[in-house]
Q: 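Below is a structure I'd like to ask you about.
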Amino acid sequence: MTQQFDLGIIGGGPAGYTAAFQARSKGMSVVLFEKDKVGGVCLNRGCIPTKAILHSAELYEEMKTAAELGITAENLSFDYSKVVERKDKIVEKLRKSLELSLKNSGVVVVNAEAEIPSHTTGKSQISANGETYECKKIIVATGSKPRDFEGLRFDHEFILSSDDILNLKTLPKSIVIIGSGAIGIEWARILAAFDVEVTVVEMADHLLPLADIEVSKRVERIFKSKKIKFYTSNGVEKILTACNDKAVVLKSGEVLTPELVLLATGRTPQPIENCDICIGDACGKIQLAHFAIKQAVAEIADVEFDETLVPSVVYGCPEIAWVGKREQDLEEGSYKKSNILISALGKSHCDNCSDGFIKILSQEGKIVGAHIVSKEAASLIQEITIAMQNNIAIDDLKKVCFAHPTYSEGIFECLFRYQDL
């Protein structure tokens with residue numbers, strides 16, 4: 001028997017489940033297909049589990065200097081298996097909550113691999129588990145997978161993907177991370193905090209190459225202070241995987257001999273054919289959960305958003321966040337900028353986290369880009385994104401009262417740092 005629905009969604013990650021909730025709120029009948037676990041990469045193998053581990057790493061790292069805060073912590077140690085156990089519990093709790101929400105909202109969830117037959121005519125069809133589902137509209141939100149390359153293939157033992165590293169029960173003594181995007185930077189911070197010897201290899205001239213140049217340079221400075229080794233303008237010539245001869249050979253000729261390698265060179269979209277509507281990572285645009293969510297809302301609820309104002313965040317201490325244009329993308333003389341060091345803010349000293357800066361770029365009296373390295377940077381960048389989204393002039397932003405002592409008052413100070421901004 002063929003089942004009929006208003007909307008069929010293939011993929012249960014942030015794009016897929018958001019589209020499902022939005023459609024149900026409009027009274028549409030919805031069937032959602034997920035071959036693995038609802039929540040997608042973000043909940044199960046990405047954002048959430050990584051940040052759960054990161055919190056433990058940050059706490060452990062901060063406790064190393066607890067004496068400076070007047071706290072005595074003798075015989076400090078960690079049990080990584082319990083860190084992973086906590087991570088798994090968080091993921092399971094959130095996934096069960098999501099599953100219940102989908103059920104309560106009336107979304108029919110089919111746990112099976114789905115495909116759209118090429119012979120589909122008239123009403124759109126989805127096939128799964130030997131059943132056929134007729135849908136007036138179909139959305140593909142099938143996500144992405146870790147990317148590897150010819151000559152740099154995951155073996156899931158020595159050369160790990162971002163999925164593999166989440167499954168480790170014990171930590172290596174040393175690791176080489178290839179790539180310094182968000183995944184590479186965050187795992188470098190996590191592992192270094194847990195006393196792993198970390199080396200990062202990046203082909204670009206600077207770490208975190210998608211960021212503003214001043215952010216990249218600050219990340220490099222932070223890495224040096226944390227004794228995280230890194231190579232820039234370099235790449236991997238080959239990786240030797242023989243049992244007694246495991247090594248990473250760089251293009252510069254240097255040979256590294258880590259216990260493990262994390263290949264963190266991005267993700268590959270996994271679209272499926274025969275569908276006109278593709279959202280989330282699968283569409284090959286910006287691979288961020290919040291971008292996927294906004295795409296879903298735009299598609300179902302027709303709430304438009306500006307794709308040039310999608311904030312980026314790299315987690316750790318301090319956080320790194322940016323939105324809009326980078327300084328290196330702007331023509332010299334066409335813009336103005338203002339900087340303030342986070343160390344100028346009293347709150348940063350109270351929190352023992354005074355490294356970083358806030359940088360605002362403007363043209364014609366309005367903000368066109370902002371770049372922040374600071375504790376709470378993820379929240380700070382949202383304030384600026386709202387201002388940019390609503391085209392609010394800097395002179396009007398100066399009228400806003402910012403609470404003290406906070407990190408957000410750094411934005412206020414930055415607006416006044418140069419009167420001609």
Side-chain angles (χ1 to χ4, degrees), residues 1-46 95 98-148 153-154 161 163 266-289 291-303 307:
M1 179 180 174
T2 300
Q3 300 183 56
Q4 298 182 343
F5 293 88
D6 294 321
L7 178 64
I9 303 168
I10 304 177
Y17 67 68
T18 300
F21 286 133
Q22 289 290 321
R24 285 298 299 141
S25 71
K26 291 182 173 296
M28 299 169 65
S29 56
V30 180
V31 58
L32 174 69
F33 300 87
E34 174 53 60
K35 65 179 181 180
D36 189 9
K37 299 172 181 176
V38 295
V41 170
C42 178
L43 174 53
N44 296 290
R45 299 180 300 281
R95 185 173 58 244
L98 176 59
E99 290 170 347
L100 183 61
S101 294
L102 287 167
K103 180 180 179 180
N104 289 342
S105 69
V107 175
V108 175
V109 177
V110 178
N111 292 115
E113 187 167 3
E115 65 175 7
I116 303 172
S118 58
H119 63 270
T120 296
T121 58
K123 290 184 178 180
S124 297
Q125 292 183 348
I126 297 175
S127 297
N129 265 353
E131 300 287 335
T132 300
Y133 302 80
E134 287 190 356
C135 306
K136 295 177 182 178
K137 181 176 182 177
I138 294 176
I139 291 176
V140 168
T142 42
S144 61
K145 64 179 180 179
R147 176 186 292 136
D148 59 2
R153 297 296 187 196
F154 303 123
S161 69
D163 291 353
R267 301 183 65 86
T268 300
Q270 297 189 99
I272 62 175
E273 298 179 353
N274 307 319
C275 184
D276 295 330
I277 304 174
C278 184
I279 61 176
D281 283 8
C283 75
K285 289 185 178 182
I286 302 172
Q287 293 183 337
L288 295 171
F291 178 76
I293 289 169
K294 290 299 293 182
Q295 280 187 306
V297 173
E299 181 63 40
I300 302 299
D302 199 27
V303 178
E307 293 188 8

Q: Heavy-atom distance under 4.5 Å between the side chains of Pro269 and Lys285, does that happen here?
A: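 Pro269 does not reach Lys285 side chain to side chain.
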
Q: Applying side chain to side chain contact (heavy atoms under 4.5 Å, CB included) to Asp148 and Ser161, what does each step give before you reach the verdict?
A: CA-CA 8 Å; Asp148 59 2; Ser161 69; over 6 Å; no

Q: Check step by step if side chain to side chain contact (heavy atoms under 4.5 Å, CB included) holds for Arg95 and Asn44.
A: CA-CA 8 Å; Arg95 185 173 58 244; Asn44 296 290; 2.7 Å; yes

Q: Heavy-atom distance under 4.5 Å between the side chains of Phe5 and Ile138, does that happen here?
A: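 Side-chain contact under 4.5 Å: no.
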
Q: Determine whether a donor-acceptor pair (N or O, by modelled atom type, separation under 3.5 Å) exists between the side chain of Ser124 and the backbone of Lys137.
A: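 No: the side chain of Ser124 does not pair with the backbone of Lys137.
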
Q: Distance-only, no hydrogens or angles: does the Asn129 side chain make a donor-acceptor pair with backbone N or O of Ala112 under 3.5 Å?
A: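 No.
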
Q: Looking only at atom types and distance, does a side-chain atom of Ser105 sit under 3.5 Å from a main-chain N or O of Leu102, one as donor and one as acceptor?
A: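 Answer holds: yes.
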
Q: Applying side chain to side chain contact (heavy atoms under 4.5 Å, CB included) to Gln3 and Val31, what does each step give before you reach the verdict?
A: CA-CA 10 Å; Gln3 300 183 56; Val31 58; over 6 Å; no

Q: About how many Å separate NZ of Lys37 and CG of Leu43, when rounded to the nearest 0.5 Å?
A: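 Here the rounded value is 9.5 Å.
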
Q: Which heavy-atom pair separates Pro271 from Ala282 by the least distance, and what is that distance?
A: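 Looking at all heavy atoms of both residues, the shortest contact is CB-O, 3.7 Å.
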
Q: Can you find a heavy atom in the side chain of Ile116 that is under 4.5 Å from one in the side chain of Val140?
A: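 Contact flag for Ile116/Val140 side chains = yes.
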
Q: Do you know which two heavy atoms are closest between Gln295 and Cys283, and how far apart they sit?
A: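 Nearest heavy atoms, Gln295 then Cys283: NE2-SG, 3.5 Å.
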
Q: What pair of heavy atoms forms the shortest contact from Val107 to Ala20, and how long is it?
A: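 Answer, listing the atom of Val107 first, then Ala20: CG2-CB, 3.9 Å.
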
Q: Return the CD1 to CD distance between Ile293 and Gln22, rounded to the nearest 0.5 Å.
A: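 One finds 10.5 Å between CD1 of Ile293 and CD of Gln22.
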
Q: Quick one, Tyr133 and Val110 - any side-chain contact, counting heavy atoms below 4.5 Å?
A: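 They are in contact (side-chain heavy atoms under 4.5 Å apart), so the answer is yes.
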
Q: Which atoms form the tightest heavy-atom contact between Ala114 and Ile126, and what is the distance?
A: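 Of all heavy-atom pairs spanning Ala114 and Ile126, the closest is CB-CG2, 3.7 Å.
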
Q: Measure the OG-CZ distance between Ser101 and Arg24 for me, rounded to the nearest 0.5 Å.
A: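 The OG atom of Ser101 sits 13.5 Å away from the CZ atom of Arg24.
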
Q: First locate atom CD of Glu299, then atom NZ of Lys294, and finally report the distance between them rounded to the nearest 0.5 Å.
A: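 One gets 13.5 Å once the value is rounded to the nearest 0.5 Å.
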
Q: Inspect the surroundings of CG in Asp276 and state if more than 12 heavy atoms from other residues, nucleotides or ligands are less than 6.0 Å away.
A: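 At most 12 heavy atoms, drawn from other residues, nucleotides or ligands, come within 6.0 Å of this atom.
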
Q: Do Glu134 and Gln125 have side chains that get closer than 4.5 Å, going by heavy atoms?
A: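 Counting from C-beta outward, Glu134 and Gln125 do come under 4.5 Å.
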
Q: So, does Thr142 use its side chain to make a donor-acceptor pair with the main chain of Gln270 at under 3.5 Å?
A: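 Side chain of Thr142 to backbone of Gln270: a pair is present.
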
Q: State whether Asp36 and Arg45 are salt-bridged, where the test is any N-O pair (Lys NZ or Arg NE/NH1/NH2 against Asp/Glu carboxylate O) under 4.0 Å.
A: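 Looking at Arg45 together with Asp36, the answer is yes, because their closest N to O distance falls below 4.0 Å.
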
Q: If I compare all heavy atoms of Ala19 with all of Ile139, which pair ends up nearest, and what's the gap?
A: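 Closest heavy-atom pair between Ala19 and Ile139: CB-CD1, 4.3 Å.
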
Q: Apply ring-ring contact (aromatic ring centres under 6.0 Å, His included) to Phe291 and list each qualifying residue two or more places apart in sequence or on a separate chain.
A: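 If we apply the ring-ring contact (aromatic ring centres under 6.0 Å, His included) test to Phe291, skipping adjacent residues, the hits are Phe305.
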
Q: Going from CD1 on Ile277 to CG on Leu7, what distance comes out if it is rounded to the nearest 0.5 angstrom?
A: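 It comes to 8.0 Å.
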
Q: At their closest point, which heavy atom of Arg267 faces which heavy atom of Val41, and how far apart are they?
A: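 Closest approach of Arg267 to Val41, heavy atoms only: NH2-CG2, 3.2 Å.
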
Q: Are the side chains of Leu98 and Tyr17 in contact, using a 4.5 Å heavy-atom criterion?
A: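 When only atoms from C-beta onward are counted, Leu98 and Tyr17 do touch, with a gap below 4.5 Å.
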
